[in-house]
Amino acid sequence: MFGLQKQDAKLLLIVIGLTMLAPFILNPFPESSGWAQFNAGYPDLMQRFVIFGIFAIGFNILFGLTGYLSFGHAAFLGIGSYAAMWMFKLFGMNVLPALGLSVVMSGLFAVLIGYVSLRRSGIYFSILTLAFAMMSYALAYSVLATDMDGPDKQGLLQKGLTGGETGLQLTLSDPRILGQQATDDGNLPVPSFFGLEMRSATELSVGDWVFTFSVGYYFSAVVMLIAFYLSIRIFRSPFGMMLRAIKSNQQRLNYTGLNPKPYTLAAFVISGMYAGLAGGLMASMDPLAGPERMFWTASGEVVLMTILGGAGTLIGPVLGAGAIKYMENILSKINSDILHTWFAFLPDGLEDFVVAIIYPFIGKGWHLTLGLIFMAVVIFLPGGIVEGGRRIGSMFKGRAKKTDAASGGKTVAPGQDPAE
Amino acid sequence: MGILDVKDVGKRFGGLQALGDVNLSVKENTCHAIIGPNGAGKSTLLNCLVGKLIPDTGSVMFDGQSVLGRSPHEINQMGISRVFQTPEIFGDLSVMENMMIPLFAKRDGAFRLHAIESVFNERALRAEAEEMLSEVGMLEKQDMHAASMSRGDKRRLEMAMCLVQNPKLLLLDEPTAGMARADTNNTIDLLKEIKEKRDITIAIIEHDMHVVFSLADRITVLAQGTPLVEDTPENIKGHPKVQEAYLGESV
């Protein structure tokens, strides 16, 4: 089906089902219950799940397949966002051309950065990409944010190409030659897909549950599904096989008559375009692009997502992105008051003690929790969430045919089996 | 004129003259062995043939074209395949995938962006790979993870990967180094079979005299970077200079 093997088609269908039903699945707790704060089914967060999913899927094509660890992928995220914003400012609020320009621009930058960085491998490659990303950040933060209009004019480039610290924003005086400069009631127009506004949503109340279906989420989800489908095709293509061969043994590849350089560059550009697409989508959901999107922490985040979910696996990066964004948004909302209500059943002294122990790991301390989880995954589960799922799966299946698995099981190095 | 002509090749590493004025001609469809004591420059010479090193002087012509200045993948595309001293395979890939990659290289050249097609649809290449695997007796191992195989199997796989490209020249760098006697004999049988069945020229670097004398049609003895003698195995065996320089009493 769709030119995929049976197993891959099954995986794709499951992912389609999950993303389409996400507003229900992520909202399991009724509004009035104490657990409602663990609901993740609101548009803002769901959009982040799928957008960072796209980012991580693309990153995985480079890192998971070739083993080249880029530490500067957030640069393409930022470039994608700025490109989309300029499309909104100059031409109109339709997201399709904006996403198109995001992908093209980030692809062009990826050719440039990749061509230079890929002259080295290993740690030097990582450092080069990091340097490029931080240069992009510095450019966006200050160099490209100077007044390029001239001191007495209030034109389009008054705050430069990037808008500096405050970011690039829409204004009422933007030309938008193919759309309207302002809405009828004088407000800024909203990004839309041929008239469907990204931020419009309908709510469905069933008993104590409220489910929100937003256009923005479903648009991003469809884009993510297309991106995911393409990544499956790439994984299963001869090109994907070459990329895994590069990770495995470049020397042999050379002596087999293949030139690894164009292959790695193509992988780098493709994954840069994925990042640009994600950046464009971020700008489409919330028309604002700031330089912090290119900061090295953002590059590090996508590395964490990919490794946490399972580098080199198809679905891993999406799961990793979801897990990290969930923690970032849900764990960080828990504060000490909430903890106190949870542990109110304990005697007073004990309650304070328990809260004092847990407190550093929640709220602003959620990074601490993430760090611990990440360490645990790297040490005990090098294949990430996907490997965890596989182990649990084989525990249930394996009991029946344990001997079979022990004798016929081939050893597959962690993170390198794409068959999941 | 042979298929491979090495003329006046010299290579210097700092103060060490690794190769000096090496002249060598490998005739088509023969097996040519290069032997010599440690440090004689055998591996340096081999690396000059495959593009890993560029000699300081001289020329290397393969099939009428110079290989100098070309990178390893270009030289492979000209028709030279190399087997390494320790088997170089794609350990993370399955045996079948290991076989598919050289076939893709042969069909599509050094680079092709075939990112959307499926590997599963390449039936013709798969059939070719299966045929080659059954020739080396590894068909039933095609789904195995290559890194998990025994060293002997890795060596077989590496040879199969080279042979499936139908190279004009197969370079073997001590193919039986570190092998048990039985594995060595298997490798000799395999190479003999290859020689009989195909139009292929083989150049082999080897320490094991048993291997050399069972396979080679001609032998070049290298000592201190220069060829000492080149002759048939029978004559080499009895050659006093060779005995003195290399073979000692073992023959």
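Remember, it's a predicted structure, so these values are computed and weren't measured experimentally.
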**Report entry** Other residues, nucleotides, ligands: >12 heavy atoms within 6.0 Å of B:Glu131 CD
**Finding:**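 Counting neighbours around CD of B:Glu131, 12 or fewer heavy atoms of other residues, nucleotides or ligands fall under 6.0 Å, so no.
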Query - Greater than 12 external heavy atoms within 6.0 Å of A:Phe239's CZ - result: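 Counting neighbours around CZ of A:Phe239, more than 12 heavy atoms of other residues, nucleotides or ligands fall under 6.0 Å, so yes.
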Requested in this report: Please flag which part of B:Glu74 lies under 4.5 Å from any non-hydrogen atom of chain A: side chain, backbone, both or neither.
Outcome: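 It is neither, since no heavy atom gets under 4.5 Å.
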Query raised in the report: What part of B:Lys106 gets closer than 4.5 Å to chain A, counting heavy atoms only: side chain, backbone, both or neither?
Result: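 Neither; nothing under 4.5 Å.
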**Report entry** Which atoms of A:Ala266 approach chain B - backbone, side chain, both or neither, heavy atom under 4.5 Å
**Finding:**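 Looking at A:Ala266, just its side chain touches chain B.
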Is there a side-chain contact between [X] and [Y] in this structure, where contact means two heavy atoms from C-beta onward sitting under 4.5 Å apart?
X        : Y        : result
A:Asn254 : B:Lys52  : no
A:Met242 : B:Phe111 : no
A:Tyr255 : B:Glu88  : no

Query raised in the report: Looking at A:Ile270, A:Leu230, A:Leu253, which makes the most heavy-atom pairs under 4.5 Å with chain B?
Result: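 With the most close heavy-atom pairs to chain B, the winner is A:Leu253.
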Query raised in the report: What option among A:Pro260, A:Ala245, A:Gly240, A:Ser248 has the most heavy-atom pairs under 4.5 Å with chain B?
Result: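 Of A:Pro260, A:Ala245, A:Gly240, A:Ser248, A:Ser248 has the most heavy-atom pairs under 4.5 Å with chain B.
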Between [options], which residue shows the highest count of heavy-atom pairs closer than 4.5 Å to chain A?
options                               : result
B:Met78, B:Arg112, B:Met161           : B:Arg112
B:Asn121, B:Ile116, B:Ile80           : B:Ile116
B:Gly91, B:Ala147, B:Ala115, B:Cys162 : B:Ala115

Query raised in the report: Any idea which heavy atoms bring A:Pro238 and B:Ser118 closest together, and the distance?
Result: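 Looks like CD-C, 4.3 Å.
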